[in-house]
Amino acid sequence: MGFLKFLVWTGCAVGLGVFLAIGEIDGRTPMEYAQREWKRHVQPAKVERVKGELRDALDDAKETVTRTTKQAATAPRERITNEDRAAIDKIIAQKK
């Protein structure tokens with residue numbers, strides 16, 4: 001009885017697959033409808049993804065170009081005095 005169920009279910013699955021691949025509804029197969037909806041809703045278009053990446057790259061480039069050397073030079077720099085360096089050397093020497 002189990003083998004007969006297996007054959008019936010296998011036949012139904014094969015029949016459904018053949019219908020999805022060959023059967024036409026309004027000039028298109030059900031598989032074409034499914035693929036079309038999948039591409040439209042599940043997978044974002046590669047063109048849209050590339051557009052987004054290109055916009056990000058352009059924004060980054062604009063920011064880089066608008067920064068001048070004067071603005072870069074006015075950025076705060078860390079300056080270590082000789083006293084600070086001596087204190088750090090003392091701490092390192094204690095650990096050894």
Side-chain angles (χ1 to χ4, degrees):
M1 186 68 181
F3 184 69
L4 186 60
K5 278 185 178 179
F6 173 76
L7 287 178
V8 169
W9 281 109
T10 302
C12 289
V14 169
L16 179 64
V18 169
F19 171 73
L20 290 176
I22 296 174
E24 288 191 8
I25 301 172
D26 294 333
R28 290 193 181 123
T29 65
M31 196 64 178
E32 289 173 346
Y33 283 113
Q35 288 174 345
R36 193 169 161 202
E37 291 301 315
W38 178 269
K39 287 178 184 176
R40 185 179 296 163
H41 296 290
V42 178
Q43 294 177 341
K46 290 182 181 179
V47 174
E48 294 298 323
R49 245 185 295 152
V50 170
K51 279 184 184 177
E53 292 172 1
L54 183 61
R55 283 189 193 117
D56 293 341
L58 284 173
D59 291 342
D60 291 344
K62 284 180 184 177
E63 285 180 26
T64 304
V65 169
T66 56
R67 277 187 283 167
T68 63
T69 55
K70 289 181 183 177
Q71 289 173 340
T74 59
R77 296 177 113 188
E78 183 177 333
R79 298 184 187 246
I80 299 175
T81 63
N82 288 335
E83 295 168 352
D84 294 336
R85 190 166 284 128
I88 291 171
D89 289 340
K90 184 178 177 183
I91 292 171
I92 293 172
Q94 287 177 354
K95 286 188 176 184
K96 289 182 181 180

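Residue pairs satisfying the side chain to side chain donor-acceptor pair (under 3.5 Å) criterion with at least one member in residues 24-33, sequence neighbours excluded, are absent.
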Return a table of donor-acceptor pairs under 3.5 angstrom between the side chains of residues 80-87 and protein atoms on other chains or two or more places apart.
| from | atom 1 | to | atom 2 | distance (Å) |
| --- | --- | --- | --- | --- |
| T81 | OG1 | D84 | N | 3.2 |
| T81 | OG1 | D84 | OD2 | 3.1 |

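Summarising the geometry, atom CD1 belonging to I25 is positioned 4.5 Å from atom CZ belonging to F19; distances are rounded to the nearest 0.5 Å.
In this structure, the side chain to side chain contact (heavy atoms under 4.5 Å, CB included) partners of L20, at least two apart in sequence or on a different chain, are L16, P30. In this structure Q35 satisfies the side chain to side chain contact (heavy atoms under 4.5 Å, CB included) test together with M31, sequence neighbours excluded.
Hydrophobic side-chain contacts under 4.5 Å tie L54 into a cluster, directly or through other members, with L58. Under a 4.5 Å side-chain heavy-atom criterion applied to ILVMFWY residues, the cluster that includes I22 comprises V14, V18 as well.
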